[in-house]
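Right, one structure below, let's go through it.
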Amino acid sequence: MEIRVQREDFSIDEEWRKCKERMSGRGGAIVAFAGLVRDLNADDDVLGLFLEHYPGMTENSIEKIVLEAQSRWSLLDVVVIHRIGELKARDQIVLVLVGSAHRPDAFAACEYIMDFLKTEAMFWKKEIRGTSEQWIESTSNDEVRNRRWRNS
């Protein structure tokens, strides 16, 4: 498991290569999700995001999510990289890579991790628009997705 919270951008190619190496030929699947900063929200232009976190607490909250995923599915490697600070529209914000012997486990775990990053990871996100700024909260859809996982 590798969890990083960082200001710097990341290379999907490089992280993929390292994940593949760590699986040492045992892996049959790597599923990836890379999130981008949207440039539009509710028909309003978005210039970027500002993300704050609580060092240590944030990483622990992500580790808890990954450990739960590892208890549900047979996983060989998990990478979660989440950026903080000021990000522009279209910048990469998050990367989740999940490696396993078989694709169903990798797909399910990747989706699970992303769903819980949206609601359980300790980040505060401020959306920066042309003339305003607004703190972003989890949506009702995010909560519905989490309840589905908790009930399964």
Side-chain angles (χ1 to χ4, degrees), residues 1-41 46 48-128 135-139 141-152:
M1 170 190 340
E2 183 169 345
I3 296 169
R4 295 196 322 258
V5 176
Q6 63 190 44
R7 292 188 183 280
E8 312 78 44
D9 200 3
F10 50 82
S11 165
I12 295 172
D13 290 342
E14 180 66 18
E15 298 303 329
W16 184 282
R17 183 188 62 73
K18 291 190 286 187
C19 178
K20 183 178 166 186
E21 285 177 8
R22 284 191 298 268
M23 291 195 301
S24 305
R26 297 172 294 146
I30 299 174
V31 171
F33 174 86
L36 307 172
V37 177
R38 289 185 296 265
D39 61 3
L40 189 67
N41 186 5
V46 174
L49 290 177
F50 182 76
L51 286 93
E52 294 183 8
H53 80 300
Y54 193 97
M57 186 182 289
T58 301
E59 291 85 352
N60 287 342
S61 66
I62 297 170
E63 181 178 5
K64 184 178 174 185
I65 294 165
V66 172
L67 289 171
E68 179 61 27
Q70 289 174 325
S71 76
R72 288 173 172 246
W73 297 282
S74 179
L75 308 178
L76 298 172
D77 195 36
V78 177
V79 176
V80 178
I81 302 171
H82 206 299
R83 295 181 64 200
I84 56 168
E86 191 170 330
L87 301 174
K88 297 179 182 143
R90 301 181 186 177
D91 280 353
Q92 297 182 130
I93 186 172
V94 63
L95 176 65
V96 176
L97 294 173
V98 178
S100 68
H102 304 284
R103 65 182 161 77
D105 287 348
F107 273 115
C110 189
E111 184 177 19
Y112 176 92
I113 291 167
M114 268 313 305
D115 284 348
F116 280 88
L117 281 177
K118 296 278 288 181
T119 59
E120 304 295 320
M122 303 298 293
F123 290 100
W124 296 271
K125 299 177 186 179
K126 185 189 307 182
E127 195 171 65
I128 303 165
W135 290 102
I136 300 172
E137 296 183 18
S138 299
T139 66
N141 185 50
D142 294 330
E143 297 300 333
V144 166
R145 293 180 66 81
N146 284 12
R147 276 195 303 277
R148 181 191 76 185
W149 288 113
R150 285 186 182 109
N151 294 331
S152 64

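Bear in mind that the values here come from a model prediction, so they are computed numbers and not experimental data. For reference, positions follow the sequence shown, starting with 1.
Scored by the side chain to side chain contact (heavy atoms under 4.5 Å, CB included) test, Glu143 finds Thr119, Ser138, Arg147 as partners (sequence neighbours excluded). Contacts of Phe123 classified as ring pair (Phe, Tyr, Trp, His ring centres under 6.0 Å), with partners at least two apart in sequence or in another chain: His82.
The minimum heavy-atom distance between Ile128 and Leu49, with the atom names listed, is CD1-C, 4.1 Å. Between Ala34 and Leu95 the shortest heavy-atom distance is CB-CD1, 4.2 Å. For the residue pair Glu120 and Asn146, the shortest heavy atom distance occurs at OE2-ND2, 4.0 Å. A pairwise comparison of heavy atoms in Ala32 and Trp16 identifies CB-CZ3, 3.8 Å as the closest pair. The nearest pair of heavy atoms linking Cys19 to Leu97 is CB-CD1, 4.2 Å. Taking all atoms of both residues into account, the shortest heavy-atom contact from Val79 to Glu15 is CG1-OE1, 4.2 Å.
Atom NZ of Lys18 is surrounded by more than 12 heavy atoms from other residues, nucleotides or ligands within 6.0 Å. Under a cut-off of 6.0 angstrom, the local environment of NZ in Lys88 is sparse, with at most 12 non-hydrogen atoms contributed by other residues, nucleotides or ligands. Taking a 6.0 Å sphere around NZ of Lys125, one finds it holds more than 12 heavy atoms contributed by other residues, nucleotides or ligands. The number of heavy atoms from other shown groups lying within 6.0 Å of CZ (Arg148) is above 12.
Inter-residue side-chain proximity for Asp9 and Arg83 is flagged as met; some heavy-atom pair is nearer than 4.5 Å. Counting only heavy atoms from C-beta outward, the side chains of His53 and Glu59 approach each other to under 4.5 Å. Side chains of Arg38 and Val46 form no contact here, defined as non-hydrogen atoms less than 4.5 Å apart.
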Could you please spell out the steps behind the side chain to side chain contact (heavy atoms under 4.5 Å, CB included) verdict for Asp77 and Met23? CA-CA 7 Å; Asp77 195 36; Met23 291 195 301; 4.1 Å; yes
Give the C-alpha distance, both sets of side-chain angles, the deciding distance and a yes or no for side chain to side chain contact (heavy atoms under 4.5 Å, CB included) between Leu36 and Gln92. CA-CA 4 Å; Leu36 307 172; Gln92 297 182 130; 3.9 Å; yes
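If you run side chain to side chain contact (heavy atoms under 4.5 Å, CB included) between Gln70 and each of Val78, Leu76, Ile65, only Val78 comes through.
In this structure, the separation between CZ on Phe107 and OG on Ser100 is 9.5 Å, given to the nearest 0.5 Å. A distance of 10.0 Å separates NZ in Lys64 from CZ in Phe116, rounded to the nearest 0.5 Å. With rounding to the nearest 0.5 angstrom, the CZ atom of Phe50 is 8.0 Å from the CD1 atom of Ile84. Between the CE atom of Met114 and the CZ atom of Phe33 there is a distance of 4.5 Å, given to the nearest 0.5 Å. Between the CG atom of Asp105 and the CZ atom of Arg72 there is a distance of 12.5 Å, given to the nearest 0.5 Å. Put simply, CD on Glu52 and CE on Met122 are 12.0 Å apart, with the number rounded to the nearest 0.5 Å.
Taking a cutoff of 4.0 Å between a charged side-chain nitrogen and a carboxylate oxygen, Glu21 and Arg17 qualify as a salt bridge.
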